[in-house]
Chemist: 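The structure that follows is given in the form of structure tokens.
Within every chain, numbering begins at 1; the chains are lettered A, B, ... in the order of the sequence lines, protein sequences first and strands thereafter.
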There are 2 protein chains.
Amino acid sequence: MYIWASQLTIMNKNHLYKGTLSTILLKLLEEHGRMYGYELSKKAKEVTQGDLDITEGALYPALHKLEAEGLLTTEIEMAGKRQRKYYKLAEKGEGEARKRIDELAEYARNLQQFLNPQPGHG
Amino acid sequence: MYIWASQLTIMNKNHLYKGTLSTILLKLLEEHGRMYGYELSKKAKEVTQGDLDITEGALYPALHKLEAEGLLTTEIEMAGKRQRKYYKLAEKGEGEARKRIDELAEYARNLQQFLNPQPGHG
DNA sequence: GTAAATGCATAAGAAAGTAATGTATATTTG
DNA sequence: CAAATATACATTACTTTCTTATGCATTTAC
């Protein structure tokens, strides 16, 4: 028995991104430079056409961990009375960040090849 | 501080496949028909060039869950004195299986596009 | 003025992995 | 032929990483 109707409006495909979330954040920061948490979650949703709706309980711990690992640095700024915590790639962690992004990119290629074989080349 | 040397021979990229494992099993069964657990793990390793090394603690619970969900049916056969538990896609679950595979395929395409933008089209 | 959006964060619990252990048969290798 | 490795199933304790819920505060839209 399935209960779908009440959830239709908030369906996403978060379960597919398990394990790849922090690397997606690294890629977004590499592309856009300096970004704050809320901005990252909105951008992630935008570039995945709504498929990836990062919850706060996933977003902030992931960012904190990347910072603790030395891959990100932070600066807090005030927008009016509201604080924003900006993240950017740490210079000392750029090698590791690039490595993780490359690894995920290769994974994406392999997975696509496995699941979407090109007609006439199989 | 990193400890890599002693682990080099067994490195894999399992962490990337989190959340996609059971759908990869469905795709393998769709492609190859009837397979048993151990065979599935070897085939998965083969098609991913060693990147995906499914542990038994992941493999068997995943298969049991797919069976409980009605997506797979099983038949036990003896190979000599050793038993093999063969899995195949259940007829009643083919729609759901196809849906999950399609969803993962779309995810793979999106992720690849995000991470590997084509030069001259960005 | 009230709801929704913006902005940070943490805590309890669930899901899905890893590593280790257990049991047994078959094959390869020195 | 003895021992190591491979085949074949499974479970358990633990870890990581997510979801859901909660909390606090400011700003914008209706």
Chemist: Is any side-chain N or O of B:Tyr60 closer than 4.0 Å to OP1 or OP2 of D:dA10?
Modeler: no
Chemist: Whole Å only: how far is the CD1 atom of B:Ile54 from the P atom of C:dA19?
Modeler: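 To the nearest whole Å, that distance equals 14 Å.
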Chemist: I want to verify a distance call: between C:dC8, C:dT25, C:dT21, whose nearest atom is closest to the A:Lys85 side chain?
Modeler: C:dC8
Chemist: Distance criterion of 3.5 Å, no angle test: do you see the side chain of B:Arg82 paired donor-to-acceptor with the base of D:dT7?
Modeler: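 Looking at the base of D:dT7, it does pair with a donor or acceptor on the side chain of B:Arg82 (distance under 3.5 Å).
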Chemist: Which part of the nucleic acid, if any, lies within contact of B:Glu56, taking any heavy atom under 4.0 Å across all strands shown: a base, the sugar-phosphate backbone alone, or nothing?
Modeler: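 It contacts base atoms.
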Chemist: Verify the distance criterion only: is there a donor paired with an acceptor across the side chains of B:His64 and B:Glu69 at less than 3.5 Å?
Modeler: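 Absent: no donor and acceptor within the cut-off.
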Chemist: Output the single nucleotide from D:dC9, C:dG17, D:dT11 whose closest atom is nearest the side chain of B:His64.
Modeler: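 Out of D:dC9, C:dG17, D:dT11, the nucleotide with an atom closest to B:His64's side chain is D:dT11.
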Chemist: Between C:dA9, D:dC18, D:dA10, which nucleotide gets closest to the side-chain atoms of A:Ala58?
Modeler: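 From the listed options, D:dC18 comes nearest.
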Chemist: Ignoring backbone atoms, establish whether A:Asn14 has a side-chain N or O less than 4.0 Å from OP1 or OP2 of D:dC18.
Modeler: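 No, outside the criterion.
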Chemist: How long is the line joining OH of A:Tyr17 and C1' of D:dT19, in whole Å?
Modeler: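 Distance check: A:Tyr17 OH to D:dT19 C1' gives 17 Å.
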Chemist: Calculate the interatomic distance between A:Glu67 atom CD and C:dC8 atom P; express it in whole Å.
Modeler: 13 Å
Chemist: For the backbone of A:Asp53 and the side chain of A:Asn14, can you confirm whether one donor and one acceptor N or O come within less than 3.5 Å of each other?
Modeler: yes
Chemist: Rounding to an integer number of Å, can you tell me how far A:Leu21 CG sits from C:dA16 P?
Modeler: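 Distance, rounded to whole Å: 17 Å.
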Chemist: Using distance alone, with no hydrogens and no angle criterion, decide if A:Glu67 and A:Thr73 have a side-chain donor and acceptor under 3.5 Å apart.
Modeler: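 No, no side-chain donor-acceptor contact under 3.5 Å.
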Chemist: Can you tell me the distance, in whole Å, between the CG atom of B:Leu16 and the P atom of D:dT16?
Modeler: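 It is 17 Å, rounded to the nearest whole Å.
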Chemist: Can you tell me if B:Lys65 touches the phosphate of C:dA16, counting only side-chain N or O atoms and a distance under 4.0 Å to OP1 or OP2?
Modeler: yes
Chemist: Whole angstrom is fine here: how far is it from NZ in A:Lys45 over to C1' in C:dT6?
Modeler: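 About 14 Å, once rounded to whole Å.
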Chemist: For B:Arg84 and C:dT25, give me the distance from atom CZ to atom P, rounded to whole Å.
Modeler: 16 Å
Chemist: Can you figure out which of D:dT19, D:dA10, D:dT7 approaches the side chain of B:Lys42 most closely?
Modeler: D:dT7
Chemist: In Å, rounded to the nearest 0.5 Å, how long is the span from OH of A:Tyr107 to CG of B:Leu52?
Modeler: 9.0 Å
Chemist: With a 3.5 Å distance limit and no angle check, can you tell me whether A:Glu39 reaches the backbone of A:Tyr36 through a side-chain donor-acceptor pair?
Modeler: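 Present.
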Chemist: Rounded off to whole Å, could you give me the CG-to-C1' distance for the A:Leu63 and D:dT17 pair?
Modeler: 14 Å
Chemist: Which comes earlier along DNA chain C counting from the 5' end, the contact point of A:Gly37 or that of A:Lys18, where each point is its nearest nucleotide?
Modeler: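 Between the two, 5'-proximity favours A:Gly37.
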Chemist: Could you go through A:Lys13 and B:Glu103, starting from their C-alpha distance and side-chain angles, then the distance that decides it, and tell me whether this counts as side chain to side chain contact (heavy atoms under 4.5 Å, CB included)?
Modeler: CA-CA 8 Å; A:Lys13 296 177 184 172; B:Glu103 190 182 64; 3.9 Å; yes
Chemist: Between B:Tyr36 and D:dA8, does any side-chain N or O lie under 4.0 Å from OP1 or OP2?
Modeler: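 Yes, such a contact exists.
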Chemist: Of the candidate nucleotides D:dC9, C:dT6, C:dT18, which contains the atom at the shortest distance from the side chain of A:Tyr38?
Modeler: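 Looking only at heavy atoms from C-beta outward on A:Tyr38, the closest nucleotide is C:dT6.
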Chemist: Compare the minimum distances between each of D:dT20, C:dT18, C:dA26 and the side chain of A:Thr55, then state the nucleotide with the smallest one.
Modeler: D:dT20
Chemist: Quick one: label B:Gly57 by what it contacts on the DNA or RNA (base, sugar-phosphate, nothing), any heavy atom closer than 4.0 Å.
Modeler: base
